[in-house]
Amino acid sequence: MALILIMAAALWGLGHLMDAPRQARWTMIGLLYVAVLAVHVALPQGHPLRAATGGSAGEWLVLGGLLGLVLAYRKGLARVRARVRPENRPAEAQPGTFATGEIDRYARHIVLREIGGVGQKRLKEASVLVVGAGGLGSPAMLYLAAAGVGTIGVVDDDDVEGTNLQRQVIHTDARIGKPKVFSAVDGMRAVNPHVTARPYRRRLDAEAAADLVGAYDLVLDGCDNFETRYLVNRACAEAGVPLIGAALSQWEGQLSTYAPAAGTPCYECIFPSAPAAGLAPSCAEAGVLGPLPGVVGSMMAVEAIKELTGAGEGLRGRLLIYDALYGETRTIALKRRPDCPVCGDRPAPA
Amino acid sequence: MKITVNGEQREVAGPTLTDALDELGYGGARVATALNEGFVPVPARGETALSDGDRLEILAPRQGG
């Protein structure tokens, strides 16, 4: 029996050397198998050729049967795979290339002169880290995923709670109790299965922030505490990664893009120190209008797409204030602080 | 003098931004300030004189997300 198997292997190897197609090589091995079976059926018991090829046809039939089973299983699997609807197929493994149907999906972007095919490809190749899967992170992630940003990471250590659902629209009632990052990944994949979504279920510390931030092209900060805001700002400044930071409470939101590596101010230039505890209440303490993070988080997504594609004029060096109660937006020009402990030493580019 | 503070008309004596912040009840508060849409860092507030019709924005940092 070993002799025949060696012959089959030799046929395969020879075929490989001769660049014969796989199908031809399998045909040759199939012919060998049929010949061996024929020898066992045609020749009498004890014939030297029969003895040299294993002694009985039974073993060969079992081997053939096993091979047949494997082939049938593979064929069945391929048929099931082919029947999966395009929208349910897993995202293309190759980063930066569009899967079938993706060009159609982004058609309304591609016709925009400021984005076009080039900009859409930049989005596909880009990676964005979203800090906080809350009110601001929810719409930002949904829009970034829908817009076709290739890789979206999300950091948060909370679980979805009922009180979140008034404004954190990426989460659902059915996902109460689930870690927010996993719920957010579910939400993004439901919108666009072509996005690579990476959940990080943890609270950021300085070391983790430095590691994570450095692996992304752009960071969006929509977290819910000052400590994390200063941490993310410092990590972004050190890694030279631009940061789109937004914050809100009650009826008012603030938004800016901090890019000290490009000579514009960082978060700490503008807000050198956090207010004493109690003076800047959290959403839980002071309340927040449900759609307010929807407006400001969507603005973060707008600014992110502009940063990544280079379209228009971003919010570097400007801070936008949205006052929902009076329906007003105001923009103020920001200046770097030469003595800023985070970015002060950095010389502005000429 | 009459100035606009966060979109609202207010009457302040001044003459500097630091004085106006004290008058408006923000003395010692950790806020960012912008005069006529331009950011004024903390150390410059004492030397920044206000004049009638100025637009002052007092920004309390927000932490919510």
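The basis for the numbers below is simple: all heavy atoms, side chains too, and nothing from hydrogens, waters or symmetry mates.
- Using a 4.5 Å cut-off on side-chain heavy atoms (C-beta onward), A/Asp323 and B/Asn6 make no contact.
- With rounding to the nearest 0.5 Å, the separation of CD in B/Gln63 from CG in A/Leu248 is 10.5 Å.
- Pairing each heavy atom of B/Ala32 with each of A/Ile270, the nearest pair is CB-O, 3.6 Å.
- When each of A/Ala246, A/Cys223, A/Cys269 is checked for heavy-atom pairs under 4.5 Å with chain B, A/Cys223 comes out on top.
- With a threshold of 4.5 angstrom between heavy atoms, A/Leu292 does not approach chain B through any atom at all.
- The two atoms that bring B/Arg62 and A/Glu252 nearest to each other are NH2-OE2, 3.3 Å, heavy atoms only.
- Of the atoms belonging to A/Ala286, not a single heavy atom falls under 4.5 Å from chain B.
- For A/Phe226, the parts lying under 4.5 angstrom from a heavy atom of chain B are both the backbone and the side chain.
- For B/Glu11, the CD atom is densely surrounded, since the number of other residues' heavy atoms within 6.0 Å is greater than 12.
- Across all non-hydrogen atoms, the minimal contact from A/Phe271 to B/Ala60 is CE2-C, 4.5 Å.
- No more than 12 heavy atoms of other residues, nucleotides or ligands lie within 6.0 Å of CD in A/Glu227, so this atom counts as exposed by the packing criterion.
- Between chain B and the options A/Thr331, A/Asp339, A/Ile321, A/Val296, the largest number of non-hydrogen pairs under 4.5 Å is found for A/Ile321.
- If you measure heavy-atom distances from A/Arg330 to chain B, the contacts under 4.5 Å come from the side chain alone.
- Closest approach of B/Leu59 to A/Gln254, counting heavy atoms only: CD2-NE2, 3.3 Å.
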